Visitor: 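One structure is given below, represented as structure tokens, and several questions about it will come after.
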Amino acid sequence: MTEMLSGPVYTGRGIDPMTSAARARRRGWLFFAEHQLRNMRRYGWPILVADIGQPILYLVAMGLGLGAVVDANAGPVDGVDYLTFVAPALLVSTVVMKASEEMTYPVMEGFKWRRTYFGTAASPVGARQIAVGHLAAVSLRFLAVSVFFWLLMLLFGAATGGWSWLVIPVGVLSSLAFAAPLQAYAATLRDEGFQFAFVQRFIVMPMFLFAGTFFELSSMPGYLQWIGWVSPVWHGTELARMAGYGRAIPPAMVAVHVGFLAACTLVGVLLARRIYARRLSE
């Protein structure tokens, strides 16, 4: 990225076309990521307000408001106060919901409305690089939200573990585990229809409500627990609670949680690369 900002174009010297094409073929995903970030900057204030306001509202309403009721009537949850219990889960849920924003209509925009994918694909930047570049750009937003949420947890006294900062990479990995498959799915759609509304209502919201965010997954009826088992939110929440306040999780389950999130991310990236290559070659 530094080379792009300090290269010959910015010094007034021209770039040899062959050199420029070689750079694009080699690091095209980075060029497209920069394009996406510059495009997101046009909506910087709405994004900033949402990314700052939402975590604050969640912690105040669910952590302090609902937490006071739970603490007064039910006592500690998993050995800690309710705010400490729910804050890591809210971090994961919040970042995953950002993934649902970034990998639905913006992907449709690239293929249908503004067709920026096709314009980029006409250059030496490859279709697979476009898919990876888009995901890389939005992952920086996931990182920023995770960092800010963790700082709020520290401010609210909800991060008591010495390794609480690990909720940041957990949040990013959880969001990528949902974002990459969703990106691949969105890339298959040629018309928006009701598909994205379906994703929000019947995938995102059930994950938020029934994947162990507000209460233990084991306290739910057995016929609903599977929502957590197949959800990046639950796997990420378990890891975030371990980092946030030292929740005891067997090493084998830690491996399962990390493996699930990594596998979802990898499969999603591979599918997205393949679908982008097929559609942009039509």
Side-chain angles (χ1 to χ4, degrees), residues 37 40-41 43-72 74-103 137-179 204-205 207-217 228 231-247 249 257 261:
L37 290 172
M40 290 168 62
R41 191 171 62 180
Y43 310 98
W45 278 112
I47 290 175
L48 185 63
V49 170
D51 289 352
I52 292 178
Q54 191 174 21
I56 294 176
L57 290 175
Y58 276 155
L59 285 177
V60 172
M62 299 298 182
L64 297 180
L66 179 61
V69 176
V70 173
D71 292 338
V77 181
D78 196 27
V80 296
D81 62 86
Y82 189 73
L83 175 61
T84 302
F85 171 79
V86 79
L90 289 175
L91 182 151
V92 172
S93 298
T94 299
V95 184
V96 169
M97 283 192 287
K98 300 301 177 184
S100 70
E101 297 174 10
E102 292 289 354
M103 288 306 179
V138 299
S139 67
L140 292 180
R141 182 184 181 190
F142 305 154
L143 175 62
V145 174
S146 298
V147 170
F148 180 72
F149 209 118
W150 173 65
L151 293 176
L152 282 178
M153 288 172 59
L154 293 176
L155 181 64
F156 280 76
T160 60
W163 295 87
S164 65
W165 62 270
L166 286 176
V167 298
I168 297 172
V170 168
V172 174
L173 180 59
S174 302
S175 62
L176 291 177
F178 185 63
V204 176
M205 289 309 298
M207 284 196 304
F208 181 61
L209 295 174
F210 304 120
T213 301
F214 302 105
F215 38 78
E216 295 282 9
L217 187 66
S231 165
V233 171
W234 179 67
H235 292 278
T237 292
E238 290 293 287
L239 294 174
R241 283 179 174 147
M242 182 178 68
Y245 62 84
R247 181 184 186 125
I249 300 178
H257 295 318
L261 297 175

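Side-chain atoms are counted along with the backbone in the values below, which use heavy atoms only and exclude waters and symmetry mates. Every value quoted in this text rests on a predicted model; they were computed, and no experiment measured them.
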Visitor: Rounded to the nearest 0.5 Å, what separation is found between the CG atom of L155 and the CD1 atom of I56?
Guide: 9.0 Å

Visitor: I want to check something: taking the side chain as every heavy atom from C-beta on, are M242 and W163 in contact at a cut-off of under 4.5 Å?
Guide: no

Visitor: Classify the ring geometry of W234 against H257: parallel below 30°, tilted from 30° to 60°, perpendicular beyond 60°.
Guide: perpendicular

Visitor: Starting from the C-alpha separation in whole Å, work towards a yes-or-no answer on side chain to side chain contact (heavy atoms under 4.5 Å, CB included) for F178 and K98.
Guide: CA-CA 10 Å; F178 185 63; K98 300 301 177 184; over 6 Å; no

Visitor: Under the rule for ring pair (Phe, Tyr, Trp, His ring centres under 6.0 Å), what residues qualify as partners of F208, not counting sequence neighbours?
Guide: Y58, F214

Visitor: Residues two or more places apart in sequence or in another chain: which of them pass side chain to side chain contact (heavy atoms under 4.5 Å, CB included) with L173?
Guide: L261, T265

Visitor: So, the side chain of T237 versus the backbone of V233: is there a donor-acceptor pair under 3.5 Å, distance only?
Guide: yes

Visitor: Could you grab the distance from atom CG of L152 to atom CD1 of I52, nearest 0.5 Å is fine?
Guide: 9.0 Å

Visitor: Using the side chain to side chain contact (heavy atoms under 4.5 Å, CB included) rule, take V167 and S146 through it: C-alpha gap first, then chi angles, then the decisive distance, then the call.
Guide: CA-CA 7 Å; V167 298; S146 298; over 6 Å; no

Visitor: Does the side chain to side chain contact (heavy atoms under 4.5 Å, CB included) test come out yes or no for V172 and V95, once each step is laid out?
Guide: CA-CA 7 Å; V172 174; V95 184; 5.9 Å; no

Visitor: In Å and rounded to the nearest 0.5 Å, what is the OG to CE distance from S174 to M207?
Guide: 10.0 Å

Visitor: Looking at R241 and D78, is there a salt bridge between them, counting it only when a charged N and a carboxylate O are closer than 4.0 Å?
Guide: no

Visitor: Would you compute the distance between atom CD1 of I168 and atom CZ of F142 and round it to the nearest 0.5 angstrom?
Guide: 15.5 Å

Visitor: Does F215 form a side chain to side chain contact (heavy atoms under 4.5 Å, CB included) with V77? I'd like the steps, not just the answer.
Guide: CA-CA 8 Å; F215 38 78; V77 181; over 6 Å; no

Visitor: Distance from F148 atom CZ to Q54 atom CD, nearest 0.5 Å?
Guide: 11.5 Å

Visitor: Check whether any side-chain heavy atom of F156 lies under 4.5 Å from a side-chain heavy atom of V60, and answer yes or no.
Guide: yes

Visitor: Distance check, rounded to the nearest 0.5 Å: R141 atom CZ versus I47 atom CD1?
Guide: 5.0 Å

Visitor: Does T213 have any side-chain hydrogen bond (donor to acceptor under 3.5 Å, both in side chains) partners at least two apart in sequence or in another chain, and if so, which?
Guide: S93

